[in-house]
Structures are given as structure tokens and as C-alpha cells.
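Residues: numbered from 1 along the sequence shown. All ligand and atom numbering here is 1-based and tracks the order in the structure.
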Amino acid sequence: MKIAIASDHGGFEMKQALIEYFSKKGLALQDLGTHDTCSVDYPDYADKMADYILSGRADLGILICGTGVGISIAANRHKGIRAALLYNKFVAAKAKEHNNANIIVFGGRTMSIPEVIEYCEIFLKSTYEGGRHQQRLDKMDKGE
Ligand code: RB5
């Protein structure tokens with residue numbers, strides 16, 4: 001599985017921690033920036049990630065801003081993107097099982113690195129259930 005990761009300055013530290021965590025597990029995340037703690041605009045990173053996912057260059061994206069809210073809103077403006085803010089273990093499973101999220105989102109200033117790692121692992125081992133959930137996803141992607 002190809003996983004890309006991006007953040008604004010509010011998520012930079014957490015992004016680096018996740019890159020290191022997955023690297024130790026033998027999985028190299030594609031780092032789309034930002035590359036330091038200088039202030040940047042989260043929509044730029046959400047847009048970059050959406051392009052990456054929609055063009056098939058990555059199967060899953062991880063986005064981080066200070067709260068996870070702004071970068072979720074920005075990513076979900078893109079048709080075909082299902083960005084889910086994983087804020088507990090139940091949601092981490094359901095975001096895959098029911099929503100088939102293609103981007104998972106975290107708050108660098110509101111969540112701890114260990115809990116975020118746990119949510120990533122839960123999401124990654126969960127399976128999309130399809131069926132009635134697919135008709136709901138289809139409704140979001142129809143029309144202009
Ligand atoms: C940046 O200061 C902050 O607004 C951003 O990281 C995020 O929390 C927005 O939702």
C-alpha cells in the first residue's frame with residue numbers, strides 16, 4: 001500500500017513522528033510537506049494530497065493540521081475525497097468499515113502521537129464493508 005502524508009506547521013511534529021514510526025515498520029511514507037515549522041496555509045497541503053490520491057499516486061493519505069478541522073474541510077471540497085478525522089478507536093474502525101475514507105486526518109495540537117498511531121493501526125487493519133454503505137458513498141460523488 002502506498003501512503004502519502006502532509007501537514008501544515010501545526011501538524012509538522014506529528015507528521016515527522018508518523019514518518020519515523022512507519023519507517024521503522026518498513027513502510028516509507030511519501031512526504032508531501034510541509035518541511036519545517038514555518039507558517040503555511042493548510043488548504044495548499046489538502047489540495048496537494050487530494051491530487052495525489054485522485055491521480056492514484058497514493059492509496060491512502062494522512063493529513064494533519066493543528067486541530068484536523070481545517071485540513072479536513074479543505075480536503076473534502078474535492079469530489080472523490082473522503083477525509084475522516086479519527087478522534088477515537090471506534091471512529092478509526094468505522095471510517096474504514098462504513099466510509100471507506102481515502103484520507104485520515106489528525107490534530108497535531110489536540111491529539112497525542114501514541115493515540116494517533118493507535119488510530120492509524122486500527123484503520124489500516126479494518127475492512128470496508130461495501131453493500132449499503134456503497135450506495136451512500138455513490139450519492140456523494142454524483143453530479144457536478
Ligand atoms: C494554524 O494556525 C491552524 O489554524 C491550523 O493548523 C488548523 O488548526 C486549522 O484548522
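Between the side chain of Glu20 and the backbone N or O of Ala17, no donor-acceptor pair lies under 3.5 Å. For Asp41 (side chain) and Pro43 (main-chain N/O), no donor-acceptor pair under 3.5 Å exists by modelled atom type. Checking side-chain atoms of Tyr128 against main-chain N and O of Gln134 turns up a donor-acceptor pair under 3.5 Å.
Among all protein heavy atoms, the one lying closest to atom 9 (C) of ligand 1 is Tyr42 CE2, 3.5 Å. The protein atom (non-hydrogen) at minimum distance from atom 8 (O) of ligand 1 is Thr67 N, 3.0 Å. If you check which protein heavy atom lies closest to atom 2 (O) of ligand 1, you get Arg109 NH1, 3.4 Å. Atom 1 (C) of ligand 1 has its closest protein heavy atom at His9 NE2, 3.6 Å.
Per-residue contacts place Cys65 under 4.0 angstrom from the following atoms of ligand 1 (heavy atoms of the residue considered): 6 (O), 7 (C), 8 (O), 9 (C), 10 (O).
Between Gly66 and ligand 1, at least one N/O pair is under 3.5 Å apart.
Relative ring orientation between His133 and His98 is described as parallel, the plane-to-plane angle staying below 30° on a 0-90° scale split at 30° and 60°.
Between the choices Ser72, Gly70, Pro43, the shortest heavy-atom distance to atom 10 (O) of ligand 1 belongs to Gly70.
A side-chain N or O of His78 and one of Asp47 form a donor-acceptor pair less than 3.5 Å apart. For the 3.5 Å distance criterion, the side chains of Glu121 and Tyr21 qualify, holding a donor opposite an acceptor.
Using a 4.0 Å cut-off between heavy atoms, Asp8 contacts ligand 1 through its side chain alone, with no backbone atom that close.
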